[in-house]
Colleague: 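What follows is a structure written as structure tokens; I'll ask about it next.
Everything numeric here is computed off the predicted structure, so don't read it as measured data. If you read the sequence from its start, that first residue is 1, and numbering goes on from there.
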Amino acid sequence: MTFGQVLLVAVVAVPAVGAVATAAVPGDRAGRLVGTAAAALTLLATLPLVGGEHGWFGYGPRPAVQPWHQLDLTWVPGLDLRFHLGVDGISWPLVVLTALLTLLCCGYTLWRVPAGGGSGRALVALLLVVEVGILGTFLALDLVLFFLFFEVVLLPMYAIIAGWGGDDRRRAARKFALYTLFGSVLLLVGVYLVVAAAGTADLVALTGGAGLSRDTQLAAFTLLALAFAVKSPLWPLHSWLPDAHTQAPTVGSVILAGVLLKMGTYGLIRVAVGVAPEGARWASPVLGALAVAAIGIGGLVCLAQSELKRLIAYSSVGHMGFVLLGVATLTATGLQAALIGNIAHGVITGLLFFLAGAIKDRTHTGSLAELSGLRETAPRLAGLLGFAAVASLGLPGLAGFWGEAFAVVAAVRRGGPLWLTLAALAALGGALTAAYLLRLLRRVSHGRPSAAVAPLGPGLAGAELTAWAPLVVLALAVGLAPALVLSYASGPVEALLGVVP
């Protein structure tokens, strides 16, 4: 095996072994330490995956997928299924982001374990199992393997919400599970349709349509897009998200918003558009309209929210709308906007949920009406909240700007009355984003300290700074140098668009 193949196996195997070891080690804190060490090793294994035998920009028009590293082993010979893993410029930034956020969440539990029905080491073990599923989804180049990794996430995330969440956690966990299962059924039918018609599950061979008829591609894209819309989530299949975010513990919300939602948008690009490009072209106007509806409705709903975590949760609907708009344009600019929007949303919203959890832990409330005056008693926490909010609203120079701006530009470049109208409405939705986030800061940071905020002190725990600092740095770095993400993705995006009619 080459070094790259060893790394691919390690990226999936280390967190899996770490989860078992975390659950088996006697002692709660010792288990959390083992799990955090496993998460750290996983992050270290993801970093050298960049580049590889094809180089950073060594892409041609065929084949549409040229992994930097890949491992292709016989898995189920009778069904011609293979254990096929690979990484390229589309998946690698998401792989690193997943490993980073999991490490930060596992490390955070060394300082604070959320109240609930389980031990800290059980929570860390579940986080590592979720990491296995997410990383496997981003690395899988076999459609059946992709589906299996996609499903690994469901039960451990259900357990995290139901075991360590808020007062209404069980109802939120059930809602999350039911919606996700609905999407899973659609995904399974779509996978079966594609594999049965094409005679292969290899995503490298399938990208570009693999000779599938137009009718098959239309049906497959519809099934796959609906399945990924549930996971993303995209309007109007988003209603599980606010409840899950509001009730989940802080680390659960960070993983859920930071990377779990990206499984849907990544699947939309890699699988739905790649496998059924004719279906993508046929459905692109509908996807664009739904994206703009998500942006506008998400912004209006956020303006009406009175609970901190619920507002941040609904903001994800709007941000994912910009990602979908970029994908819907089926242009290089649009797909680049979607990819950098995914990374920016993971970094910024992960930071926002860390901060929301810190505020709620200190004040024991998430009501905006009870959180005024934060800058008077806890100016450092208020300052970080302000930074995360302006990054989320798309301030130029911070990570959130590029995805939203490029998505609007892509719609304008697509041209025609429909796309120009969608671009204008999306830009208006960006203004709504600024409105509800500035309202959030006015309600929470300004004014006289409320009874819940008055007892707070200005200090921040070292564990909090350790968990938040990488996200602050990344929000600045990606905002100032978007090539950190875009340079890796430019070749794969051009190759993918080369097979879209």
Colleague: Is it true that a side-chain atom of S487 and a backbone atom of L484 form a donor plus acceptor pair closer than 3.5 Å?
Modeller: no

Colleague: At their closest point, which heavy atom of A38 faces which heavy atom of G18, and how far apart are they?
Modeller: CB-CA, 3.7 Å

Colleague: Take L384 and F354 through the side-chain contact (heavy atoms from CB on, under 4.5 Å) test and state the conclusion after the steps.
Modeller: CA-CA 10 Å; L384 284 169; F354 265 132; over 6 Å; no

Colleague: Do R270 and D88 come close enough that some side-chain heavy atom pair is under 4.5 Å?
Modeller: yes

Colleague: Just by modelled atom types, is the H345 backbone N or O under 3.5 Å from a matching donor or acceptor in the T349 side chain?
Modeller: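 Such a contact is found between T349 side chain and H345 backbone.
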
Colleague: Looking at residues at least two apart in the chain, or sitting in another chain, which of them share a ring pair (Phe, Tyr, Trp, His ring centres under 6.0 Å) with F138?
Modeller: Y266

Colleague: With a 4.5 Å cut-off on side-chain heavy atoms, are L368 and Q305 touching?
Modeller: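 Not touching, per the 4.5 Å side-chain cut-off.
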
Colleague: Could you go step by step and tell me if F322 and V408 meet the side-chain contact (heavy atoms from CB on, under 4.5 Å) rule?
Modeller: CA-CA 8 Å; F322 279 103; V408 174; 4.2 Å; yes

Colleague: Is any side-chain heavy atom of Y488 closer than 4.5 Å to a side-chain heavy atom of V50?
Modeller: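 In short, these two side chains touch, coming nearer than 4.5 Å.
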
Colleague: With sequence neighbours excluded, tell me which residues meet ring pair (Phe, Tyr, Trp, His ring centres under 6.0 Å) with W111.
Modeller: Y108

Colleague: Between E131 and I134, does the side-chain contact (heavy atoms from CB on, under 4.5 Å) criterion hold? Intermediate values first, please.
Modeller: CA-CA 5 Å; E131 182 182 26; I134 298 174; 5.9 Å; no

Colleague: What distance do K262 atom NZ and T137 atom OG1 have between them, rounded to the nearest 0.5 Å?
Modeller: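 K262 atom NZ to T137 atom OG1 measures 13.5 Å (nearest 0.5 Å).
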
Colleague: Please confirm whether the backbone N or O of H245 pairs with a side-chain atom of K309, one donor and one acceptor, at under 3.5 Å?
Modeller: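 Yes, K309 side chain to H245 backbone: donor-acceptor pair under 3.5 Å.
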
Colleague: Given side chains that start at C-beta, do those of F228 and L234 come closer than 4.5 Å, heavy atoms only?
Modeller: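 Not touching, per the 4.5 Å side-chain cut-off.
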
Colleague: Restricting to non-hydrogen atoms, name the atom on T466 and the atom on L104 that form the minimum distance, rounded to 0.1 Å.
Modeller: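 Closest heavy-atom pair between T466 and L104: O-CD2, 4.1 Å.
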
Colleague: Applying side-chain contact (heavy atoms from CB on, under 4.5 Å) to V301 and Y436, what does each step give before you reach the verdict?
Modeller: CA-CA 9 Å; V301 172; Y436 69 70; over 6 Å; no

Colleague: Could you pull out all residues at least two apart from E464 that satisfy salt bridge (Lys or Arg N to Asp or Glu O under 4.0 Å)?
Modeller: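 With sequence neighbours excluded, E464 shows a salt bridge (Lys or Arg N to Asp or Glu O under 4.0 Å) to R362, given in chain and number order.
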
Colleague: Check ring pair (Phe, Tyr, Trp, His ring centres under 6.0 Å) between F406 and all other residues, then give those that pass, not counting sequence neighbours.
Modeller: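 If we apply the ring pair (Phe, Tyr, Trp, His ring centres under 6.0 Å) test to F406, skipping adjacent residues, the hits are W402.
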
Colleague: So which heavy atom on L135 is nearest to which on V11, and how close?
Modeller: CD1-O, 3.5 Å

Colleague: By side chain to side chain donor-acceptor pair (under 3.5 Å), which residues pair with S392, not counting sequence neighbours?
Modeller: H319

Colleague: Could I get the full list of side chain to side chain donor-acceptor pair (under 3.5 Å) partners for T265, not counting sequence neighbours?
Modeller: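 Checked T265 against side chain to side chain donor-acceptor pair (under 3.5 Å); matches are N342.
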
Colleague: Do the non-hydrogen side-chain atoms of Y179 and K231 ever get within less than 4.5 Å of each other?
Modeller: no

Colleague: Can you name the side chain to side chain donor-acceptor pair (under 3.5 Å) partners of T36, sequence neighbours left out?
Modeller: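 Not a single residue meets the side chain to side chain donor-acceptor pair (under 3.5 Å) criterion with T36.
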
Colleague: Going by the rule salt bridge (Lys or Arg N to Asp or Glu O under 4.0 Å), which residues pair with R310 if we only count those two or more places apart in sequence or in a different chain?
Modeller: D243

Colleague: Where do I312 and L352 come nearest, in terms of heavy atoms and distance?
Modeller: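 Where I312 meets L352 most closely, the heavy atoms are CD1-O, 3.8 Å.
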
Colleague: Which residue, I90, L496, V273, forms the side chain to side chain contact (heavy atoms under 4.5 Å, CB included) with L335?
Modeller: L496

Colleague: Can a donor-acceptor pair be found, under 3.5 Å and without considering hydrogens, that links the side chain of R169 to the backbone of A162?
Modeller: yes

Colleague: Could you report the tightest heavy-atom contact between F146 and L187, atom names first, then the distance?
Modeller: CE2-CD2, 4.5 Å

Colleague: Under 3.5 Å, side-chain donor or acceptor atoms of residues 370-381 against the rest of the protein: list the pairs with distances, not counting sequence neighbours.
Modeller:
| residue | atom | partner | partner atom | Å |
| --- | --- | --- | --- | --- |
| E370 | OE1 | T365 | OG1 | 3.1 |
| S372 | OG | R448 | O | 2.9 |
| T377 | OG1 | V453 | O | 3.2 |

Colleague: Side chains of Y314 and I297: closer than 4.5 Å at any heavy-atom pair?
Modeller: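 Heavy-atom side-chain distance check fails, nothing below 4.5 Å.
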
Colleague: Ignoring hydrogens and angles, tell me if any N or O in the side chain of T109 forms a donor-acceptor pair with the backbone of R112 under 3.5 Å.
Modeller: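 The answer is no, because no donor-acceptor pair under 3.5 Å joins these two groups.
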
Colleague: Roughly how far apart are L339 CG and L486 CG, rounded to 0.5 Å?
Modeller: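 It is 8.0 Å, given to the nearest 0.5 Å.
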
Colleague: Excluding sequence neighbours, so at least two apart, what forms side chain to side chain donor-acceptor pair (under 3.5 Å) with R32?
Modeller: D28

Colleague: Roughly how far apart are S450 OG and R443 CZ, rounded to 0.5 Å?
Modeller: 11.0 Å

Colleague: Can you tell if the side chain of T42 reaches within under 4.5 Å of the side chain of T102, non-hydrogen atoms only?
Modeller: no

Colleague: Identify each donor-acceptor pair in which a side-chain atom of residues 413-432 lies under 3.5 Å from a protein atom, sequence neighbours left out, and give them as a table.
Modeller:
| residue | atom | partner | partner atom | Å |
| --- | --- | --- | --- | --- |
| R413 | NH1 | T333 | OG1 | 3.2 |
| R414 | NH1 | T329 | O | 3.1 |
| T421 | OG1 | P417 | O | 2.7 |

Colleague: Indicate yes or no for a side-chain donor-acceptor contact from W240 to the backbone of V230 under 3.5 Å, with no hydrogens or angles considered.
Modeller: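 Answer holds: yes.
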
Colleague: For the aromatic rings, using the six-membered ring if either is Trp, is the centroid distance between F221 and W282 under 6.0 Å?
Modeller: no

Colleague: With a 4.5 Å heavy-atom cut-off, do V323 and M320 have their side chains touching?
Modeller: yes

Colleague: Working to the nearest 0.5 angstrom, can you tell me the gap between F353 CZ and I348 CD1?
Modeller: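 One finds 13.5 Å between CZ of F353 and CD1 of I348.
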
Colleague: With E307, which residues qualify under salt bridge (Lys or Arg N to Asp or Glu O under 4.0 Å), at least two apart?
Modeller: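 Only K360 meet the salt bridge (Lys or Arg N to Asp or Glu O under 4.0 Å) criterion with E307.
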
Colleague: Enter the distance from T98:OG1 to L260:CG here, rounded to the nearest 0.5 Å.
Modeller: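 Going from OG1 on T98 over to CG on L260, the span is 9.5 Å.
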
Colleague: Looking at every non-hydrogen atom in both residues, tell me the closest pair between P470 and L100 and how far apart they are.
Modeller: CB-CD1, 4.5 Å

Colleague: Could you tell me the separation between the CE atom of M157 and the CG atom of L155, rounded to the nearest 0.5 Å?
Modeller: 11.5 Å

